[in-house]
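Note that ligands are numbered from 1 as they come in the structure, with each ligand's atoms numbered from 1 the same way.
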Amino acid sequence: MAAGRPRLTVLILAAGQGTRLKSKTIKLVHTVAGQPMVTWVARAARALKPDRIVAVVGFQADAVRAALDGLVDSFVLQTDQRGTGHAVLTAKREVGTQPGTLLIVNGDLPNLRPDTLKALLSVHKRTKAALSLVTTVLPDATGYGRIVRDETGRVARIVEHKDAGRAERALREINCGIYAADPAALFPLLAKLKPDNAQGEYYLTDAVHGTIAKKAMVAALLHDDAPEVLGVNTRAELAQAGATLYGRKAAELQDQGVTILDPSRTWIDPRARVGQDTVVYPDVIIEGTSVVGTDCVIHSGTRLTDVVTGHGVIIKDHCVLRDSKLGDGAEVGPFAHFRPGAVLEDAARVGNFVELKKTRLGRGSKASHLSYLGDADIGPGCNIGAGTITCNYDGTAKHKTTLGPGVFIGSDTQLVAPVQVGEGAYVGAGTTVTENVPPGALAISRVRQLNLEGWVARRKAKS
Ligand code: UD1
Ligand code: CA
């Protein structure tokens, strides 16, 4: 904790099931832009560099803990989910009641930006409120807690949809589930909550009324970008939240000089990086923490997962690459498949229907057609002919194939590993290589061809 600065603790409410998704799985671990929904809230919180981030977990706690592992500092277990107020109260020991600021955020806000949290904190500080919250205005506020303001325009209380009367249901300003509070003022109020409402729950939102009853101040930050601060409750909202994150990422990359032909049909993980003057065609998926260099072209139908590329790389249509590295000027595809551990050094090329696994293809080497290269270390300047297969698995263990620099492998070769081919050696087409090939040698293992002159005519004459 920085000396002199009041303590900032973030509390993520992540114990509730979320029934409107109609899923066996807790809402908060459903995927938004490739990551569990709740992790985006944690990332937004981390951007504030708070002193601590605590998450309240309960329903399917193990799944939520696993999702948030490494993103939050500690967890509190809310065994029975008796409402948002009860959830915060459960965390009292963990959070503490020393002076400072407690930022409470619902876990179902994947689109929430750090700037909005910062804005709330600054309103909270400026107004010296005991409790501050984010609101937004919706054309249809069905399902949300409504903000009731008094005749002077100040927030008076929050009424949950299920408890609201006709007039209150007509209100369009809603509570977003993002609060800043003074823990010393909040916890005594929460201890007095009563579940006398339509859902029989302890509502965190009742603390608003409680704060005002104590003549303390409640401040509201009216946020105009509603989609950013709306909780995801339905599958339709789940899809929309993903589209928002991907759209934001595409716009950010466009600002940085990346060409994205159709952002509505491009899915780039917000954590991935793409370099300047790279062109991304429609129907490309870039997942995980992939890093694409500058001046690359990625064609349609390609999926990159945790792939790192150099500059000037071309990936043609319909390639699937995972946990792989591509050097400057490398070319891949169309229709290539890289499994974990594929490495293309600079200017190496892989063509159609080629699969690589734990294989390094040296500088300028080529495997242009129909090959499986697994557990292989291939030197620079090699040519791997069409239909080459590394027989790396003997049914029990995997074995390595090693090719020196400048090796030429003829088409339809099988390399039965473990095996080594020395520098500059040639392997004749159709060879099954079972023994090491010395540098500069030609290896060939074929049955000598027999031509039976006039054989066709003789057969016809017989029948
Ligand atoms: C809550 C607010 C409502 C607001 C809405 C915004 C209350 C009483 N109401 O309603 O005013 O408009 O969010 O989306 O707070 N949770 C727990 N433990 C529980 C219950 C919930 O950790 O016992 C967590 C959930 O996992 C979720 C968050 O709290 O992340 C909000 O819960 P949810 O049930 O979605 O609240 P709403 O009824 O939507
Ligand atoms: Ca909700």
Exercise for review: Please verify whether a non-hydrogen atom of Ala14 lies at under 4.0 Å from ligand 1.
Suggested key: yes
Review point. Do any N/O atoms on Thr84 end up under 3.5 angstrom from N/O atoms on ligand 1?
Key: yes
Check your understanding: Going by distance only, is there an N or O of Gly231 that falls short of 3.5 Å from an N or O of ligand 1?
Key -> no
Practice item. May I ask whether His86 has any heavy atom positioned less than 4.0 angstrom from an atom of ligand 1? Key: no
Exercise for review: Return yes if some donor-acceptor pair links the side-chain N/O of Ser290 with the main-chain N/O of Val307 below 3.5 Å, else return no.
Suggested key: yes
Review point. With distance as the sole test, does Thr390 use its side chain to make a donor-acceptor pair with the main-chain N or O of Asn392 at under 3.5 Å?
Key: no
Review point. Judging by distance only, is a nitrogen or oxygen of Ala15 under 3.5 angstrom from one on ligand 1?
Key: yes
Review point. Do His311 side-chain atoms and Thr294 backbone N/O form a donor-acceptor pair below 3.5 Å?
Key: yes
Check your understanding: Can you find an N or O of Gly145 that's nearer than 3.5 Å to an N or O of ligand 1?
Key -> yes
Review point. Is there a donor in the side chain of Thr101 and an acceptor in the side chain of His124, or the other way round, less than 3.5 Å apart?
Key: no
Check your understanding: Do Gly107 and ligand 1 have an N or O pair less than 3.5 Å apart?
Key -> yes
Point to revise | Closest to atom 30 (O) of ligand 1 (judged by heavy-atom distance), picking from Asp108, Asp80, Leu13, Asn106 | key: Leu13
Check your understanding: Mind checking whether Gly83 has an N or O less than 3.5 Å away from an N or O of ligand 1?
Key -> yes
Check your understanding: Going through the checks in order, is the salt bridge (Lys or Arg N to Asp or Glu O under 4.0 Å) test met by Lys357 and Asp375?
Key -> CA-CA 6 Å; Lys357 186 218 76 172; Asp375 302 303; 3.0 Å; yes
Check your understanding: Side chain, backbone, both or neither: which part of Lys162 has a heavy atom under 4.0 Å from ligand 1?
Key -> neither
Exercise for review: Output yes when a side-chain donor or acceptor of Ser365 lies under 3.5 Å from a complementary backbone atom of Gly379, and no otherwise.
Suggested key: yes
Point to revise | With Glu345, the salt bridge (Lys or Arg N to Asp or Glu O under 4.0 Å) member among Lys325, Arg363, Arg360 | key: Arg360
Review point. What about Leu28: any of its N or O atoms under 3.5 Å from an N or O on ligand 1?
Key: no
Review point. Between the main-chain N or O of Met217 and the side-chain N or O of Thr211, is there a donor-acceptor pair closer than 3.5 Å?
Key: no
Revision key, fill the gap. At under 4.0 Å between heavy atoms, what of Gln78 touches ligand 1? The answer is side chain
Review point. Heavy atoms only: which of Phe59, Tyr203, Tyr144, Tyr202 is nearest to atom 14 (O) of ligand 1?
Key: Tyr144
Practice item. Please identify which atoms of ligand 1 are closer than 4.0 Å to at least one heavy atom of Arg20. Key: 39 (O)
Practice item. Might you work through the side-chain hydrogen bond (donor to acceptor under 3.5 Å, both in side chains) test for Thr244 and Arg248, ending with a clear yes or no? Key: CA-CA 6 Å; Thr244 298; Arg248 214 184 268 168; over 6 Å; no
Review point. N/O to N/O below 3.5 Å, does that happen between Gln199 and ligand 1?
Key: no
Review point. Yes or no on salt bridge (Lys or Arg N to Asp or Glu O under 4.0 Å) for Glu237 and Arg20, after CA distance, side-chain angles and deciding distance?
Key: CA-CA 11 Å; Glu237 288 162 3; Arg20 279 170 283 177; over 6 Å; no
Study note, to complete from the structure: Counting from 1 in the order shown, the ligand 1 atoms closer than 4.0 Å to a non-hydrogen atom of Ala87 are 17 (C), 18 (N), 22 (O)
Review point. Does ligand 1 have a heavy atom under 4.0 Å from the side chain of Arg82, from its backbone, from both, or from neither?
Key: backbone
Exercise for review: Determine the interplanar angle of the His86 and Tyr202 rings, folded into 0 to 90°, and report it as parallel if under 30°, tilted if 30 to 60°, perpendicular if over 60°.
Suggested key: tilted
